There are 2 protein chains.
Amino acid sequence: MKEKPIISNAVIRRLPRYRRYLKELKKSTDKVSSKELSELTGYTASQIRQDLNNFGDFGQQGYGYNVDVLFEGINAILGLGKSYNMVMAGGGNLGKAIANHNYYYKTGFIVTAIFDKNPELIGKKIRDIEIYDYLDMKDYIEENGIDIGVICTTKDSAQEVADIFCSAGVRGIWNFAPVDLQIPDNVCIENVHLSDALYSLAYYMNNTKSE
Amino acid sequence: MKEKPIISNAVIRRLPRYRRYLKELKKSTDKVSSKELSELTGYTASQIRQDLNNFGDFGQQGYGYNVDVLFEGINAILGLGKSYNMVMAGGGNLGKAIANHNYYYKTGFIVTAIFDKNPELIGKKIRDIEIYDYLDMKDYIEENGIDIGVICTTKDSAQEVADIFCSAGVRGIWNFAPVDLQIPDNVCIENVHLSDALYSLAYYMNNTKSE
DNA sequence: TAGATTGTTAATCGATTAACAATC
DNA sequence: TAGATTGTTAATCGATTAACAATC
């Protein structure tokens, strides 16, 4: 196997942000310089050039970057060409919102089924997505080649759900429960710890320089 | 004014995580060492001691840290003693979920009102929180001393909402819209860019070492 | 006292920024 | 060609880790 250079996490986190600005830029222009991107994103021009250079030959000296090429390039790096099948564990409020929140459907992330333990929810639908019995989740994942599992349960059920996800073969987990989960090395995880974010916000509200 | 040492953002982001583990530990033990915390959190013991030392005298040599003292200490640092009044702009799916998601109510973050432009939503309730006309938002914030504004609108309305929030005097913004917002220096912002997180996850799913 | 574990300094590592040669 | 802007190396900065003296 070819040795790919290891790209730091910090770089990867910036890519979706570049992507957002490029998507806007596409509407009005063909080219963009690192300096212009710097003014938009707030990153230094130097950092932007460093970041993009990790992936090869996007720019052209004396010209800048072609917006379309760069946008599509970042899509390809992130893996946004293909589509991803997702299932969700937990059809309560949070699950409902995430399943309804159609923003990322456009980029190919599709929730195909929701699973819950609550008999009152089983059989109902969120959008056109059916809520099934939690006991059938593992089989469903195996039979339908699910790529990503979304955890919208309470923190007490989250590890159990993660275990089922992993043993059934998902490759990624999007976790909204406020716990850190134990998962095997070959499964990727992205945590959205909402209350952690709120607590950091509180800190900064109480510790701003202006006084 | 006394010069407080500037604590790096990386440290602040780890505090809520320490807090979560300490909350669990409180149930079973009085004391914890940096080594034990390291095993739980995955941070190195050295880093934990460095982090905690930013804030003074939590530990005791030869003993470790008192779990209660440390837990309360971190609460105090984050500013979790007091309560925070919040309003939400956007009573759609995402807003509904966040308003329903009661996890952070316990720590004093209380949504007191929701505002929307949609006449079909105005007058309805989410939980016991009423949805009001968006036009009344500014007055409400000013009259009720609101601390935090939550943005659950589409990306196209988000900047407008942020402007109203800031001019009405909120001190913090919790933004769920997929845009970066312009805000004055004295207002703090915490962005939850859900799709950005999903795109990073996709990257790692396509670029894991195991192949 | 001996053992344990912090507080804190010093060393290392990694990420960001600056600078400039390459080149379109 | 002259001007612009990247690609890329070197310098700087900051964060993490290691080490150990202080001390409970």
Side-chain angles (χ1 to χ4, degrees), chain A residues 3-18 21-22 25 29-74 77 200 203-204 209, chain B residues 3-18 21-22 25 29-74 77 200 203-204 209:
Chain A
E3 270 303 312
K4 278 191 204 167
I6 290 147
I7 314 285
S8 86
N9 185 256
V11 175
I12 300 307
R13 302 279 149 187
R14 286 193 288 269
L15 293 180
R17 190 137 183 242
Y18 292 134
Y21 285 101
L22 289 165
L25 282 168
T29 180
D30 283 345
K31 86 164 200 124
V32 67
S33 68
S34 57
K35 184 154 170 284
E36 288 161 338
L37 263 180
S38 167
E39 279 152 20
L40 288 169
T41 60
Y43 304 134
T44 65
S46 194
Q47 180 164 64
I48 292 168
R49 292 202 299 279
Q50 287 273 25
D51 281 358
L52 299 179
N53 250 95
N54 282 303
F55 305 101
D57 55 342
F58 282 128
Q60 191 171 334
Q61 277 134 323
Y63 172 81
Y65 299 88
N66 177 292
V67 175
D68 267 335
V69 169
L70 191 51
F71 179 76
E72 292 306 332
I74 288 178
I77 294 161
S200 306
Y203 173 85
Y204 283 108
K209 48 264 121 171
Chain B
E3 270 300 313
K4 278 190 204 168
I6 290 147
I7 314 285
S8 87
N9 185 255
V11 175
I12 301 306
R13 301 279 149 189
R14 284 191 289 269
L15 293 180
R17 190 137 183 241
Y18 293 132
Y21 285 100
L22 289 165
L25 281 169
T29 181
D30 283 345
K31 83 161 202 126
V32 68
S33 68
S34 57
K35 185 154 169 283
E36 288 161 338
L37 263 180
S38 166
E39 278 153 21
L40 288 169
T41 60
Y43 304 135
T44 65
S46 193
Q47 179 164 67
I48 291 168
R49 291 202 300 279
Q50 287 274 24
D51 282 357
L52 298 180
N53 250 95
N54 282 303
F55 305 101
D57 54 343
F58 283 127
Q60 191 171 332
Q61 277 134 324
Y63 173 81
Y65 300 87
N66 177 291
V67 175
D68 266 336
V69 169
L70 191 51
F71 179 75
E72 292 306 334
I74 288 178
I77 293 161
S200 307
Y203 173 83
Y204 284 107
K209 49 261 121 175

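Not measured: the values here are computed from a predicted model. So you know, we letter chains A, B, ... as the sequences are listed, proteins then strands, and number each from 1.
- Annotation: side chain to side chain donor-acceptor pair (under 3.5 Å) contacts involving residues 41-51 of chain A, sequence neighbours excluded, comprise R14(A)-D51(A), R17(A)-Y43(A), Y18(A)-D51(A), S34(A)-R49(A).
- A residue-by-residue look at V11(A) and K31(B) shows that K31(B) has its nearest nucleotide of DNA chain C further toward the 5' end.
- Pairing for dC13(C) is with dG14(D), a Watson-Crick or G-U wobble pair whose two hydrogen-bonding atom distances lie under 3.5 Å.
- In this structure, the CG atom of N54(A) is 12 Å from the C1' atom of dT8(D), given to the nearest Å.
- The side chain of S34(A) contributes an N or O atom lying less than 4.0 Å from OP1 or OP2 of dT6(D).
- When Watson-Crick and G-U wobble pairs are counted only if both distances are under 3.5 Å, dC24(C) pairs with dG3(D).
- Separating the CZ atom of R13(A) from the C1' atom of dT16(C) is a distance of 19 Å, rounded to the nearest angstrom.
- What separates CG of D57(A) from C1' of dT8(D) is a distance of 15 Å, to the nearest Å.
- The nearest whole Å value for the distance from the CD atom in E36(B) to the P atom in dT5(C) is 7 Å.
- Remark: P of dT8(C) and CG of L52(B) are 12 Å apart, rounded to the nearest angstrom.
- Summarising the geometry, atom CG belonging to L52(A) is positioned 7.5 Å from atom CD1 belonging to I77(A); distances are rounded to the nearest 0.5 Å.
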Q: Any chance you could list the contact pattern along nucleotides 17-24 of chain D? Use B for base contacts, S for sugar-phosphate-only contacts and - for none, protein heavy atoms under 4.0 Å, 5' to 3'.
A: BBBB-BBB
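- Rounding to the nearest 0.5 angstrom, the gap separating the CG atom in N54(B) from the CD1 atom in I12(B) is 8.0 Å.
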